[in-house]
Amino acid sequence: MTVKDAIKEVGQAVIKDKVFLTDLDQAIGDGDHGINMARGFESVLPKIAALADDNDVAAALKAVGMGLISSVGGAAGPLYGTAFLRAAGACKGKTAIDAATAKAMLDAAIKGIQDRGKAQQGEKTMLDALIPASDAFADGIKAGKNAVECLGDAVQAAEKGVEYTKKISATKGRASYLGERSIGHQDPGATSSTIMLTALYKYLKQER
Amino acid sequence: MKKIINNPDNVVEEMLNGMTASQPQYLKRLKGFDVIVRANKKTDKVALVSGGGSGHEPAHAGYVGRGMLDAAVAGPVFTSPTPDQIYEAVKEVNTGKGVLLIIKNYSGDVMNFEMAAEMAAADGIEVEKVVTNDDVAVENSTWTIGRRGIAGTVLVHKIAGAKAETGAALADVKKAAEKVIANVRSMGMALSPCTVPAAGKPSFTLPDNQMEIGIGIHGEPGTHREAIRSADEIAQQLVDKILAENIYNSGDEVAVIINGLGATPLMELYILSHKVQAILKEKGLKMVKTYVGNYMTSLEMAGCSVTLLKLDDELKELLLAPADTPALVQF
Ligand SMILES: Nc1ncnc2c1ncn2[C@@H]1O[C@H](COP(=O)(O)OP(=O)(O)OP(=O)(O)O)[C@@H](O)[C@H]1O
Ligand SMILES: [Mg+2]
C-alpha cells in the first residue's frame, strides 16, 4: 500500500470516466469537466511516478494539487487543486494515515473548496458528495471503525449525495445559468469526487 | 464532427502559432506559454490582461494591440486558463504601473484569475481586476453566481484600453472599465449548437424549427427554447430584454454590437441590425457607433447577440479613440 499507487488508481479512474463526466457536463454545463479532469491527471500521474518511494503522503498530495492547478483550468482546477493542497497540509510528515488524520484531511479539503468557491451544501456541486462523505466518515469513527471501513461508508454517502444532486437546481458554477433546467441531471463535480473516493476505497480495501 | 483541424488535442496550440505567424506585426507568443502579447511592448502605461477559454475568437488575442489589450491568455476550448499561465502574462506586461485583469464572470475564470492575482501580488506587482457580466439572460442573480460576461467584454477591452493608453493610473483605468460594466448589457440566441473538438459531438441538439433563447458563449443551453421567428421578431425580443433593464433613456447616446456567434453570415447580422437600429431610434437613443461582426464567438454556433452600452462623454471619447489590433482597427 503506497500513496503513489493510491494516487495512480484515483487518477486512472478519473481518466477512465472522461467521457462519462464530459457527457454529464454537456447536459448542464459546458461539456468540459471530463476533458479537464483527464488532462489534469494525465499531467499529474507521471510527476507522481517520479517522486521518491518514501511514502511521504503530504509531498505526494502537494504535487497532485500543484499539478491540477496548473493543468485542469475551469472551476475544477482551482477547487480540486486547493483541496489536495489543503489535504496535504493536514498530514504533514505522515507516512501512514489513520482514521482521525484521514477525516482531518477530508475536512481540510472541503474547507479549501469552500474558501475558493464560496459554495455551501445544496448548491449542486462537488460539496454535495464530499460533505455527506465527511459526515459518514465521522459517524464511522464514532462507531469505532477503522479508516478503510469509514471510507467505505463515506463512498456510500457520496453516492447518495450524487443522487441528491439530481433533485436540486444549481446555484453555483456554470450549471446555475440553467436554473430549474438543471434539475434531473447529476452534478459532474459531485460525480468526479465520488469516482475519486471510490477508487481510493477499492485500492485500500484490496491492499488490506 | 467535421472541422478544419489536424488533431483535436492540438487546436489551441496550433491556433496560437497561426495567429503569431499571420500577424507578426501585432502579436507574439510568450515562449512556453499560451499567452499572446503585443509584438511591440509599450512601456510606461497600465497593462491590460484578459483571456479565458478558447473558442471565442477573435476574443481575446485578436484584441491585443495598441488601444486595447497588452496580453491575452488562452485556455483550452471553453475552459479557463490556469493561474500559472495568467501569472506569466501579468509578469511579462507589467511595466511598474500596474496590471488590470479583465475577467468574464464564470466561476472557473474568476477563480483562476484570482489565484494568479494572488501570485502576482506576492511578487509586489500591483494588480486589480474587473469582472464583466453583461448577459441579461441570467435573471435572478441571487440564485446564480451572477450574470455571465459575453460580447460586452469587448467594449471593456476597447474603453479601458484607450484609457490606459492616455497614461492614466491603474485606479482610473479600473474605474473606466467598471463604468462600462455598469452600463453595458447583452442578450443572445442560437440556432445551432457547437462541437468542442476534444468532445467530438455537439453540446446540445436543437430541432430545425426551434431556437434557443438566452444562450451563453460556451455551447451551454440557454434559458429556454421556442419556435423560430423572423429576424425582426428576434431583434425585438433581444432588444426588449435589454431595454427592460431600464438603464437607457430617451436622448442617451449608445454603442451597439451586433455580434455573430461564429456560423451566422454577416448578411443575417445586417438584417438584424437594421431592425435593432429602428427600435433604438424609436426609443430616442442615439447610436454613436455600431459594430457588426464576429466579436465574441462560440466556435461554429449559429446565432447572435445584441450588446448595448450607454455612453457618457468620457466613455464616448474613449470608445472613439484609435485602436490597432488584429480584430479591431479604428482611426
Ligand atoms: N463554487 C463552486 N464550489 C464548488 N464546486 C463548484 C463550484 N463551481 C463549480 N463547481 C463544481 O465544478 C464542476 C464543473 O467543473 P468544470 O471543470 O466543468 O468547470 P467549469 O465550471 O466548466 O469551468 P469553466 O467555466 O472555466 O469551464 C461542477 O459540476 C461543480 O461540481
Ligand atoms: Mg464545465
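Order of the sequence lines sets the chain letters (A, B, ...), proteins ahead of strands, with each chain counted from 1.
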Which atom pair, heavy atoms only, marks the closest approach of [X] to [Y]?
X	Y	result
B:M115	A:P78	SD-CB, 3.5 Å
A:T22	B:A199	CG2-CB, 4.4 Å
B:K201	A:Q26	O-NE2, 3.5 Å
B:T79	A:G74	CG2-N, 3.2 Å

Note: vs chain B, highest number of non-hydrogen pairs under 4.5 angstrom among A:G73, A:S70, A:A75 is A:S70

key: Heavy-atom pairs under 4.5 Å with chain B, option from A:I35, A:V19, A:I28 with the top count   =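 Answer, by heavy-atom pair count under 4.5 Å with chain B: A:I35.
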
| Beyond-backbone contact of A:I69 with B:P83, side-chain heavy atoms, under 4.5 angstrom | yes

Does A:R39 reach the side chain of B:P76, with side-chain heavy atoms less than 4.5 Å apart? yes

Taking [atom1] in [X] as the centre, count heavy atoms belonging to other residues, nucleotides or ligands within less than 6.0 Å. Is the count above 12?
X	atom1	answer
A:K92	NZ	no
A:M66	CE	no
B:K91	NZ	yes
B:N209	CG	yes
A:K160	NZ	no
A:E180	CD	no

Please state whether the side chain, the backbone, both or neither of B:N112 comes within less than 4.5 Å of a heavy atom of chain A.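 Both backbone and side chain.
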
Turns out that what part of B:F204 lies under 4.5 Å from chain A's heavy atoms comes down to neither

key: Gap separating the CD1 atom of B:I217 from the CG atom of A:D30, nearest 0.5 angstrom   =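 One finds 11.0 Å between CD1 of B:I217 and CG of A:D30.
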
Please classify the contact between [X] and chain B as side chain, backbone, both or neither, with a heavy-atom cut-off of under 4.5 Å.
X	answer
A:R116	both
A:A27	backbone
A:D25	neither
A:S71	backbone

Review point. Does B:E114 come within less than 4.0 Å of A:K118, counting only side-chain N to carboxylate O?
Key: no

